[in-house]
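Notes follow the structure.
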Amino acid sequence: MASPPPEEPPQPAAEAEAEPAPVCPVCQGPETLVLPCGHSLCQPCLLLCQAELGQGQSGCTECFGKELLSNVLKVLQDTLFQGHLRRARPLGADGGWGEEEGGDAGDKPWELCAEHGHRIGLYCTEDQELLCDQCVREEHDDHLTCSTEEAVEDCKRELRSTLRPLQEKLETLNAAKQTCDDTTDHIKKQSEHTERLMKAEFEKLHQFLRDEEAAAIAALKEEEEQKSRKMKERLNRLTGEIAALMGAISTAEEAMETDHLLFLKNYKKISDRTQCTMPDPPELSESLIDVASHVGCLKYRVWDKMQSIAQYNPVTLDPNTADVCLSVSDDLLTVCYTEEDQHLPDNAERFCFYECVLGSEGIISGCHWWDVEVGDCSEWALGVVLDTVQRKEWFPPSPERGFWTICLFGGEYRARTASNTPLAPKKKPQRVRVQVDYERGRVTFSDPSDNALLYRFKQKFTEMVFPYFSNTCKRHPLRLSTGKVLVITD
C-alpha cells in the first residue's frame with residue numbers, strides 16, 4: 001500500500017501591504033516631519049518656511065495660504081455688498097463665515113450694519129431706520145430708539161390700524177360691486193318683463209287694427225255684393241226687353257217680305273205688336289262703390305274707435321321708487337302691500353321705511369289732479385312730496401320735511417302736519433281726489449263723489465314735486481282711477 005504524499009509545510013501569511021511614507025507637499029521629498037498644525041514638511045522646507053514667515057509664526061505655508069485666501073474673499077465680499085445689509089450665519093462645519101465676535105452660534109440669523117459691520121438690534125422711531133450700537137453713538141444719540149422686537153410690535157400695531165379703514169373701504173367696494181351685479185340682473189329681468197308687457201299691449205292694438213281692417217273690408221264687400229246684385233237684376237230686365245223688341249222687329253221685317261194679301265191680312269196684328277210701350281231705362285245713381293265712405297278719414301275713424309280701448313291715466317306709478325314691501329301692478333296703476341320683502345336693488349330712487357311709491361312724472365308747473373280708489377283700504381297716505389326728499393331715513397312726514405299728505409291710520413283721518421291735524425269727513429270716501437296748483441301753491445284733497453273738501457295745504461313751491469302713494473293695508477290695494485280720452489277737433 002502506497003504511503004500518502006508528505007504534507008507541504010504551511011506557507012507564511014502574506015505581509016500586510018505597507019502604507020506609503022508621507023511626502024513633503026512642497027518638494028515631494030521623503031522623511032517629512034509632522035508639525036503641530038497637522039501638516040507635514042521635510043526639514044529643508046520647514047527651514048524655508050520659518051525663514052519666510054518668521055520664527056514666531058505658528059503654522060506653515062499651507063496654513064498661511066488658506067488664511068490669505070480667506071482674507072481675500074472677505075475683502076471681495078465687503079466690496080461687493082458695501083452699503084447693503086448682510087445676514088451673518090453661525091459658523092458651520094464646512095468652515096463658512098461665522099458670527100461677529102460675541103454672538104451666539106445657536107441664535108437665529110441677524111443683520112449686520114452695512115456701515116459698521118456690527119449687529120443690528122435697535123430701531124430709530126424718528127428716522128424709521130435700523131441701527132447698530134455704533135450708529136446710535138454717532139448719528140442717533142438724541143433720537144428715540146427701541147429694540148427691533150418692540151419696533152416690530154409697534155409697527156405691526158400701527159399698520160393694523162392703517163389697514164382697518166382700507167378693509168372697511170374694501171367691504172364698501174365689494175358691497176357696491178354686489179349691488180352693481182344685482183342691479184344688472186334686475187335690469188335684465190326688468191327689460192324682459194317690460195318687453196313682454198309692451199308686446200302684449202301692441203298685440204291688443206294689432207288685434208284691434210286687424211279687427212277694424214276685417215270689418216272695413218267686410219263692409220266694402222257687402223256694398224259690392226248689393227250693388228252687383230242690383231246691376232244683375234237690371235241687366236236681366238234689360239236683356240228681356242231687348243229680346244222682346246228684337247222679336248217684334250224680326251216679325252215685322254218677315255211680314256213685309258210676304259205676299260201682299262197675306263201682309264195686309266196680318267198687318268193689324270203686326271202693327272199692334274210693333275207698338276213700343278216699354279219706358280226708357282232710368283238713369284243709374286249711386287250704383288258705384290262709395291270709395292270715399294270707405295277710405296276717407298280712415299285713420300281718424302279707426303283712431304276715434306280706438307279710444308274705446310285706450311285709457312288715459314294722468315298719473316302712473318314708478319316701480320323703481322317703490323319700497324321692497326310694495327308690489328306695483330303691470331299696468332302701473334295699483335299698489336299692494338306684501339308681507340314678504342321683494343329682492344330689489346337698493347337704487348337711489350327707492351324709498352326705505354315709508355312703504356310708499358311715487359308717480360312716474362314730476363310736477364313743475366300748471367294744475368294737475370288725479371283720483372285714487374281707496375275703497376276699503378284701512379291704512380293709506382296720499383299727496384305730493386319734493387323730489388329731493390330723504391328716501392333712506394325715517395322721520396315724521398310733514399311739510400317742513402317736504403311731505404304734503406293726508407292719511408288714514410288706526411281708523412282716523414289726519415293731515416300730516418307738525419301736529420298731525422285730525423280730519424272729520426262727512427262720510428268715508430271711496431275715492432280721494434288730489435289737486436295740485438303749482439303756481440298758487442295749493443295741494444287740495446277732496447271727495448269727488450260730492451266735491452267735499454277734506455284738507456288743503458298752502459305752500460309756495462320752488463322745486464319739482466311728485467305724486468305720493470302709501471299703502472300698509474294687507475287686504476286691500478290702492479288703485480288710480482282711469483279716464484277716457486276726449487278729443488276736440490277744429
Side-chain angles (χ1 to χ4, degrees), residues 190 193-194 196-198 200-201 204 307-342 344 349-351 354-363 367-385 397 403-416 423 425 427-436 443-455 465-486:
Q190 269 190 316
H193 181 65
T194 304
R196 288 194 296 270
L197 294 178
M198 293 174 64
E201 291 299 316
K204 293 178 182 178
Q307 296 178 38
S308 62
I309 65 169
Q311 296 177 334
Y312 172 70
N313 310 112
V315 175
T316 55
L317 304 176
D318 182 4
N320 293 336
T321 64
D323 192 300
V324 294
C325 65
L326 295 182
S327 174
V328 178
S329 61
D330 289 342
D331 61 3
L332 307 181
L333 298 177
T334 303
V335 55
C336 300
Y337 180 80
T338 59
E339 297 184 11
E340 184 176 354
D341 291 349
Q342 304 173 83
L344 300 173
E349 300 84 3
R350 194 175 305 282
F351 276 84
Y354 274 100
E355 299 90 16
C356 68
V357 60
L358 299 186
S360 59
E361 296 184 6
I363 299 172
C367 296
H368 306 264
W369 64 269
W370 57 92
D371 291 347
V372 184
E373 299 175 6
V374 295
D376 295 327
C377 185
S378 59
E379 294 181 359
W380 52 261
L382 303 172
V384 295
V385 298
F403 283 75
W404 294 272
T405 59
I406 66 171
C407 69
L408 170 62
F409 187 78
E412 296 181 352
Y413 295 91
R414 293 184 178 273
R416 285 177 162 178
L423 306 179
K427 62 177 181 179
K428 178 183 178 180
Q430 294 297 306
R431 288 193 300 163
V432 175
R433 176 166 295 173
V434 184
Q435 295 175 286
V436 178
V443 181
T444 304
F445 301 87
S446 60
D447 185 344
S449 64
D450 56 4
N451 292 326
L453 178 65
L454 299 177
Y455 193 77
V465 295
F466 280 82
Y468 174 93
F469 309 87
S470 177
N471 180 17
T472 53
C473 178
K474 299 178 181 179
R475 300 179 59 186
H476 303 285
L478 288 180
R479 180 168 178 82
L480 284 159
S481 298
T482 58
K484 293 184 177 180
V485 179
L486 176 63

- If we only count heavy atoms from C-beta on, is the Phe351 to Leu358 side-chain gap below 4.5 Å? yes
- Could you state the interatomic distance from CG (Leu326) to OG (Ser470), rounded to the nearest 0.5 Å? 7.0 Å
- Item | Derivation of the side chain to side chain contact (heavy atoms under 4.5 Å, CB included) call for Asp318 and Phe466 | CA-CA 10 Å; Asp318 182 4; Phe466 280 82; over 6 Å; no
- Item | Rounded distance (nearest 0.5 Å) linking atom CZ of Arg433 with atom OG of Ser446 | 6.0 Å
- Message: Any donor-acceptor pair under 3.5 Å linking the side-chain atoms of Glu379 with those of Thr472?
- Response: yes
- Minimal heavy-atom distance between Lys427 and Asp450, with the atoms involved, is CE-OD2, 3.7 Å
- Kindly assign one of parallel, tilted or perpendicular to the pair Tyr468 and Phe403, based on the angle between their ring planes and the thresholds 30° and 60°. perpendicular
- May I have the step-by-step check of side chain to side chain contact (heavy atoms under 4.5 Å, CB included) for Val436 and Trp370, ending in yes or no? CA-CA 9 Å; Val436 178; Trp370 57 92; 3.8 Å; yes
- Do Thr316 and Leu480 have side-chain heavy atoms sitting under 4.5 Å apart? no
- Query: Given side chains that start at C-beta, do those of Lys428 and Val374 come closer than 4.5 Å, heavy atoms only?
  - Reply: no
- Work out which heavy atom in Cys377 is nearest to a heavy atom in Pro477; give both atom names and the distance. CB-O, 4.1 Å
- What is the minimum heavy-atom distance between Gly383 and Thr405, and which atoms define it? CA-CG2, 3.9 Å
Going by atom type alone, with no hydrogens or angles, which donor-acceptor pairs under 3.5 Å involve a side-chain atom of residues 332-341 and a protein atom two or more places apart or on another chain?
residue : atom : partner : partner atom : Å
Thr334  : OG1  : Arg479  : NH1          : 2.4
Thr338  : OG1  : Cys325  : O            : 2.8
Thr338  : OG1  : Glu340  : O            : 3.3

- Check whether any side-chain N or O of Arg350 sits under 3.5 Å from a backbone N or O of Pro319 as a donor-acceptor pair, and report yes or no. yes
- Over all heavy atoms of both residues, which pair between Leu382 and Phe445 is shortest? Give the atoms and the distance, please. O-CE2, 3.5 Å
- Message: With rounding to the nearest 0.5 angstrom, report the CH2 to CD1 distance, Trp380 to Ile406.
- Response: 4.5 Å
- Task: Answer yes or no: is there a side-chain heavy-atom contact under 4.5 Å between Phe469 and Val372?
- Result: yes
- Between atom NE2 of His476 and atom OG of Ser378, what is the distance when rounded to the nearest 0.5 Å? 7.0 Å
- Task: Could you give me the CA-CA distance, side-chain angles and deciding distance for Arg416 and Tyr455, then say whether side chain to side chain contact (heavy atoms under 4.5 Å, CB included) is met?
- Result: CA-CA 10 Å; Arg416 285 177 162 178; Tyr455 193 77; over 6 Å; no
- For Glu349, salt bridge (charged side-chain N to carboxylate O under 4.0 Å, His left out) partners two or more places apart: none
- Query: How long is the span from the OG1 atom in Thr444 to the CG atom in Asn451, to the nearest 0.5 Å?
  - Reply: 11.5 Å
- Message: Assess the residue pair Val315 and Val434 against the criterion (side chain to side chain contact (heavy atoms under 4.5 Å, CB included)); give the C-alpha distance rounded to whole Å, side-chain angles, the decisive distance to 0.1 Å, and a yes or no.
- Response: CA-CA 11 Å; Val315 175; Val434 184; over 6 Å; no
- Query: Does some side-chain heavy atom of His368 sit less than 4.5 Å from a side-chain heavy atom of Pro467?
  - Reply: no
- State which residues pass salt bridge (charged side-chain N to carboxylate O under 4.0 Å, His left out) with Arg431; sequence neighbours excluded, sorted by chain then number. Asp371
- Message: Using a 6.0 Å cut-off, check whether atom CD of Glu361 has over 12 heavy atoms from anything other than its own residue.
- Response: no
- Message: Once rounded to the nearest 0.5 Å, what's the spacing between atom CG of Leu344 and atom CD of Gln190?
- Response: 8.5 Å
